[in-house]
Amino acid sequence: MTGSEPTERALLISHLHDQFWSEEYYLAAKLVRKWKGDGTDDWAADLFRELDCVGALPEERRRIVERTNAARRLIKSYFRKPQQFCSRGFLAPEDLRGHLTMAQRLEMLFEIIEPFERARKADYDREMFDFYDDLHRSELERPER
């Protein structure tokens, strides 16, 4: 390990921390939670059905659908980044376990983002979700694991 590696790793962790605690993340989480809470039993699939015909939706509904989808994508990317950094050796799983991916944060991933992915594509890529599940030794509630 070179002298700069711990500093670089600390900066990377700090950057990821700032993203997870940002106003942007908070607003995105609020949007996807509202979508789920206001939706039908098939709330995740409803988003993609509406996206398929977004041009035919009334302007207000189109804006809600597009903003919710953008929020879904943003949150997914926030989880994807740390997973990719770990898989490429820039971070160790221990860097994530206790702080960046605490159990309450992973509820968002497993209860909202994963159902969206499953609704979007039945054979969705489970690598990221399995990574976080394994990170916490499968101790967290993961719907339809």
Side-chain angles (χ1 to χ4, degrees), residues 1-55 57 62-145:
M1 182 181 292
T2 68
S4 65
E5 284 179 14
T7 301
E8 291 167 355
R9 196 166 116 225
L11 287 171
L12 182 55
I13 292 168
S14 176
H15 169 73
L16 294 171
H17 174 270
D18 289 349
Q19 285 189 323
F20 275 116
W21 288 97
S22 70
E23 182 74 6
E24 185 178 43
Y25 181 91
Y26 171 76
L27 294 173
K30 209 166 129 178
L31 278 172
V32 296
R33 282 189 184 109
K34 182 168 177 31
W35 182 271
K36 180 184 179 188
D38 292 350
T40 67
D41 288 344
D42 204 13
W43 58 270
D46 290 343
L47 178 67
F48 299 105
R49 279 192 286 275
E50 291 194 44
L51 280 169
D52 285 343
C53 63
V54 74
L57 296 175
R62 180 175 43 242
R63 194 167 50 82
I64 291 168
V65 168
E66 289 173 340
R67 288 179 63 220
T68 301
N69 189 52
R72 174 194 67 82
R73 294 177 67 222
L74 177 76
I75 292 169
K76 181 182 173 188
S77 77
Y78 279 10
F79 282 100
R80 173 73 72 199
K81 254 188 261 185
Q83 180 255 328
Q84 291 293 311
F85 286 140
C86 279
S87 70
R88 291 185 173 106
F90 296 111
L91 293 174
E94 285 304 315
D95 294 328
L96 304 180
R97 188 174 287 122
H99 186 62
L100 290 176
T101 62
M102 58 189 137
Q104 71 187 51
R105 188 165 312 286
L106 290 177
E107 286 176 10
M108 168 65 68
L109 182 68
F110 293 142
E111 294 176 13
I112 297 179
I113 303 305
E114 189 171 19
F116 274 137
E117 290 302 299
R118 188 172 35 257
R120 190 170 69 83
K121 189 175 174 187
D123 64 341
Y124 69 99
D125 184 358
R126 290 169 176 77
E127 178 187 7
M128 177 180 67
F129 301 100
D130 291 344
F131 168 81
Y132 284 109
D133 197 26
D134 293 344
L135 188 67
H136 288 276
R137 298 170 190 92
S138 301
E139 295 171 0
L140 303 173
E141 181 72 24
R142 183 175 173 190
E144 300 180 36
R145 184 182 340 203

Checklist entry - Taking atom CG of Leu91 and atom CG of Leu12, what is their separation to the nearest 0.5 Å? => result 4.5 Å
Item to check | CZ (Arg49) with more than 12 external heavy atoms under 6.0 Å | outcome: yes
Checklist entry - Any sub-3.5 Å donor-acceptor pair from Thr68's side-chain atoms to Val65's backbone N or O? => result no
Item to check | Min side-chain heavy-atom separation Ser87-Phe131 under 4.5 Å | outcome: no
Item to check | Straight-line distance of Leu47 CG to Asp42 CG, nearest 0.5 Å | outcome: 11.0 Å
Item to check | Close aromatic pair by centroid cut-off 6.0 Å: Phe110 and Tyr132 | outcome: no
Next on the checklist: Is the positively charged end of Arg126 above the ring of Tyr124, judged by distance under 6.0 angstrom from the centroid and angle within 45° of the axis?
Outcome noted: yes
Next on the checklist: Taking the side chain as everything from C-beta on, heavy atoms only, tell me whether Asn69 gets closer than 4.5 Å to Phe48.
Outcome noted: yes
Checklist entry - Any side-chain heavy atom of Leu109 sitting closer than 4.5 Å to one from Met128? => result yes
Checklist outcome for this item: Closest non-hydrogen contact found for Ala44 with Pro115 is CB-O, 3.5 Å
Checklist outcome for this item: The reported gap from CG in Asp134 to CD in Glu127 (rounded to nearest 0.5 angstrom) is 11.0 Å
Checklist outcome for this item: When every non-hydrogen atom of Cys86 is compared with those of Pro93, the smallest separation belongs to SG-N, 3.9 Å
Checklist entry - Can you tell me how far the CG atom of Leu74 sits from the OG atom of Ser22, to the nearest 0.5 Å? => result 7.0 Å
Item to check | Side chain proximity check, Arg72 to Arg120, heavy atoms < 4.5 angstrom | outcome: yes
Under 3.5 Å, sequence neighbours excluded: what are the donor-acceptor pairs made by side chains of residues 27-36?
{"from": "Lys34", "atom 1": "NZ", "to": "Asp38", "atom 2": "OD2", "distance (Å)": "2.5"}
{"from": "Trp35", "atom 1": "NE1", "to": "Trp43", "atom 2": "O", "distance (Å)": "2.8"}

Next on the checklist: Within the structure provided, determine whether Leu16 and Phe85 are in side-chain contact (heavy-atom separation under 4.5 Å).
Outcome noted: yes
Checklist entry - After noting the C-alpha distance and the side-chain angles of Lys81 and His15, does the key distance pass the side-chain contact (heavy atoms from CB on, under 4.5 Å) rule? => result CA-CA 11 Å; Lys81 254 188 261 185; His15 169 73; 4.2 Å; yes
Item to check | Note, Glu117 side chain near Phe129 side chain (heavy atom, < 4.5 Å) | outcome: yes
Item to check | Non-hydrogen side-chain atoms of Leu106 and Leu135 separated by less than 4.5 Å | outcome: no
Next on the checklist: Measuring centre to centre across the rings, with the benzene-like ring taken for any Trp, is Phe20 within less than 6.0 Å of Phe79?
Outcome noted: yes
Checklist entry - Is the CZ atom of Arg62 crowded by more than 12 outside heavy atoms at less than 6.0 Å? => result yes
Checklist outcome for this item: Correct closest heavy-atom pair for Tyr25 and Gln19 would be CB-O, 3.4 Å
Checklist outcome for this item: Separation between CE (Met108) and NZ (Lys76), nearest 0.5 Å, reads 15.0 Å
Next on the checklist: Apply side-chain contact (heavy atoms from CB on, under 4.5 Å) to residues Leu11 and Arg9 and explain how you reach the verdict.
Outcome noted: CA-CA 5 Å; Leu11 287 171; Arg9 196 166 116 225; over 6 Å; no
